[in-house]
Protein chains: 2
Amino acid sequence: MAIDKKEHIINVAIELFSEKGFEGTSIRDLAAKAAVNVAMINYYFGSKENLFKAMVEYRATYIRERLEEITNNTKTTEIEKLDAIIEHYVYRFLTHHKYHRVIHQELLLEQREEIHDTIIKVFSKNKDIIHAIIEKGIKRKVFKKVDIAFTIVTIIGTINQATLSRSMCSIMMDEGKDFDLYTDETFRKRIVKHLKQVIHSHLLIEQ
Amino acid sequence: MAIDKKEHIINVAIELFSEKGFEGTSIRDLAAKAAVNVAMINYYFGSKENLFKAMVEYRATYIRERLEEITNNTKTTEIEKLDAIIEHYVYRFLTHHKYHRVIHQELLLEQREEIHDTIIKVFSKNKDIIHAIIEKGIKRKVFKKVDIAFTIVTIIGTINQATLSRSMCSIMMDEGKDFDLYTDETFRKRIVKHLKQVIHSHLLIEQ
DNA sequence: GTTTAATTCAAACATTTGTTTAATATTTGC
DNA sequence: GCAAATATTAAACAAATGTTTGAATTAAAC
């Protein structure tokens, strides 16, 4: 019962923080939208900042499992692994775009140290996994000797740029305001296709 | 005299908004850091939001001029134009990273409609310029038939990802906290080299 | 069914917020 | 050098902020 309510508050927090930012969202906004009393948030989480922490940790490592699954599959080549990673990242960023927007904002602001560190740690581990795959591809001479760090920057940066801002996306796609990128299947496939193409021609020695 | 002071306040605003966000920065913080009376900000700009507007417009079109210069140069090929654009963007994002961080944040939040529209319009025009160059390259059959919109997303996304967050960058580069990416020349050259490489192999038909 | 613990609530708390005021100081135009 | 406009200030304003309180309600334990 209590857990359900906590989860409900966290989900409302994701919604509001992603729209208005952490400082832009008041406890009263939050309580109203979650249909609970203002005092409940402090009762459950202790403080607004602790709610934020709980929110961040709520989904912190949910990408990792899939990344490790992909890495540990011995039947796939390096480029197939990267393809799978691209597909998974795009899918996750689109379905959980609000959560990722909050995380992204906090990463930029570097205000709340503890939260920032949590995000950094999660990201760092995921980076290492991708790094290892590209490194192996280079060693096996199926990949060119590229700048691995920036190759990852391009993958994540492209996905972030395409999914984080609705209006930015509308401009890019020359789409109207009614177009919902977060549920549009052809849009998702278009990012994936493009990004795979970029990474393939960037990495593969012969194509 | 008045203009100098206005400019000074705007520069302090860029500094603080980029660190703490718009809602996270109080007029009193701002006044203290700018060493002016709190009332001066409303005296000069009317309101906190108007200061924000003034700040956004302050440098709104400063990239455009160079973009048009690059386009209008009849002696360069399409790929040379793109190379010049990449160099310029990276340079500008690094030297004015605080301003760009503020703009980026506002683009994500979509809170203040008027400001958001200004940013969108500026960005949209710049996009059109780059779009036209790639389109011409495709027509002239020196470029592959790529997804133009997402190619621009990759360019801007890579630069954003590499320059917007200091800590994100530190992870990526495996550098310590003392490393200052915004002034490091070899870092700048490394982004440019990587991004040119990515775009070349993505676009050019024979290399 | 009573006692104990957990939950919910409206109200109050002390700060902080953006903004305005009205008095004072400074600069400008002549 | 004087009048009018501009700039600067400390103080006050009302509204909003995160948090706490203490009583009331509900659930759990025995």
Side-chain angles (χ1 to χ4, degrees), chain A residues 1-58 102 105-106 109-116 118, chain B residues 1-58 102 105-106 109-116 118:
Chain A
M1 206 133 319
I3 300 169
D4 279 356
K5 203 156 222 165
K6 273 184 107 170
E7 233 182 90
H8 173 62
I9 292 172
I10 287 178
N11 282 321
V12 173
I14 293 177
E15 185 98 8
L16 284 180
F17 290 169
S18 83
E19 266 175 41
K20 302 155 167 267
F22 177 71
E23 351 271 345
T25 306
S26 77
I27 294 281
R28 281 170 184 81
D29 283 351
L30 235 153
K33 185 139 194 169
V36 299
N37 189 280
V38 255
M40 293 310 291
I41 284 141
N42 286 282
Y43 177 73
Y44 278 127
F45 299 95
S47 69
K48 192 189 175 190
E49 188 161 331
N50 278 347
L51 162 60
F52 197 4
K53 269 185 219 167
M55 194 223 82
V56 170
E57 275 155 20
Y58 179 51
V102 179
Q105 276 169 43
E106 192 57 20
L109 287 182
E110 316 191 21
Q111 285 289 86
R112 291 150 284 273
E113 213 186 326
E114 211 180 320
I115 296 173
H116 192 83
T118 306
Chain B
M1 207 130 324
I3 299 168
D4 278 356
K5 202 154 222 165
K6 274 184 106 169
E7 234 183 89
H8 173 62
I9 293 171
I10 287 178
N11 282 320
V12 173
I14 294 177
E15 185 96 8
L16 284 179
F17 289 169
S18 83
E19 268 176 39
K20 302 154 166 270
F22 177 71
E23 351 270 346
T25 306
S26 76
I27 293 282
R28 282 169 183 82
D29 284 350
L30 235 153
K33 186 142 192 168
V36 299
N37 191 282
V38 255
M40 293 309 293
I41 283 142
N42 285 280
Y43 177 73
Y44 277 128
F45 299 97
S47 69
K48 191 189 175 189
E49 187 161 333
N50 279 347
L51 162 60
F52 197 5
K53 269 185 217 166
M55 193 223 81
V56 170
E57 274 154 22
Y58 179 52
V102 179
Q105 276 170 44
E106 192 57 20
L109 287 181
E110 316 190 21
Q111 285 290 86
R112 291 150 283 274
E113 213 185 328
E114 211 180 319
I115 296 173
H116 192 81
T118 307

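A note on names: the letters A, B, ... follow the listed sequences, proteins ahead of strands, and every chain is numbered from 1.
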Of all the choices, [options], which nucleotide is nearest to the side chain of [X] once you look at every atom?
X	options	result
B:Arg28	C:dT20, D:dT17, C:dT17	C:dT17
B:Tyr43	D:dT19, C:dT7, D:dA7	D:dA7
B:Asn42	C:dT20, D:dT6, D:dG18	C:dT20
A:Met40	C:dG18, D:dA7, C:dT8	C:dT8
A:Ala39	C:dT19, D:dT20, D:dT17	D:dT20

Review point. Between B:Lys53 and B:Phe45, is NZ or CZ placed under 6.0 angstrom from the six-membered ring centre and within 45° of the ring axis?
Key: no
Review point. Between A:Lys6 and A:Tyr58, is NZ or CZ placed under 6.0 angstrom from the six-membered ring centre and within 45° of the ring axis?
Key: no
Let me confirm one number: the [atom1]-[atom2] distance from [X] to [Y], rounded to the nearest 0.5 Å.
X	Y	atom1	atom2	value
B:Gln111	B:His116	CD	NE2	10.5 Å
A:Glu57	A:Phe52	CD	CZ	11.5 Å
B:Ile41	B:Lys48	CD1	NZ	10.0 Å

[N] [atom2] sits how many Å from [X] [atom1], rounded?
X	N	atom1	atom2	value
B:Phe45	D:dT8	CZ	P	12 Å
A:Lys48	D:dT19	NZ	C1'	12 Å
B:Tyr44	D:dA7	OH	P	5 Å
B:Arg112	C:dG18	CZ	P	12 Å
A:Phe22	D:dT17	CZ	P	13 Å
B:Leu30	C:dG18	CG	P	9 Å
A:Ile27	C:dT17	CD1	C1'	16 Å
A:Lys5	C:dT8	NZ	C1'	8 Å

Check your understanding: B:Asn37 or B:Gly24: which one's nearest nucleotide on DNA chain C is closer to the 5' end?
Key -> B:Gly24
Check your understanding: For C:dA12, what is the paired nucleotide under Watson-Crick or G-U wobble rules, both distances under 3.5 Å?
Key -> D:dT19
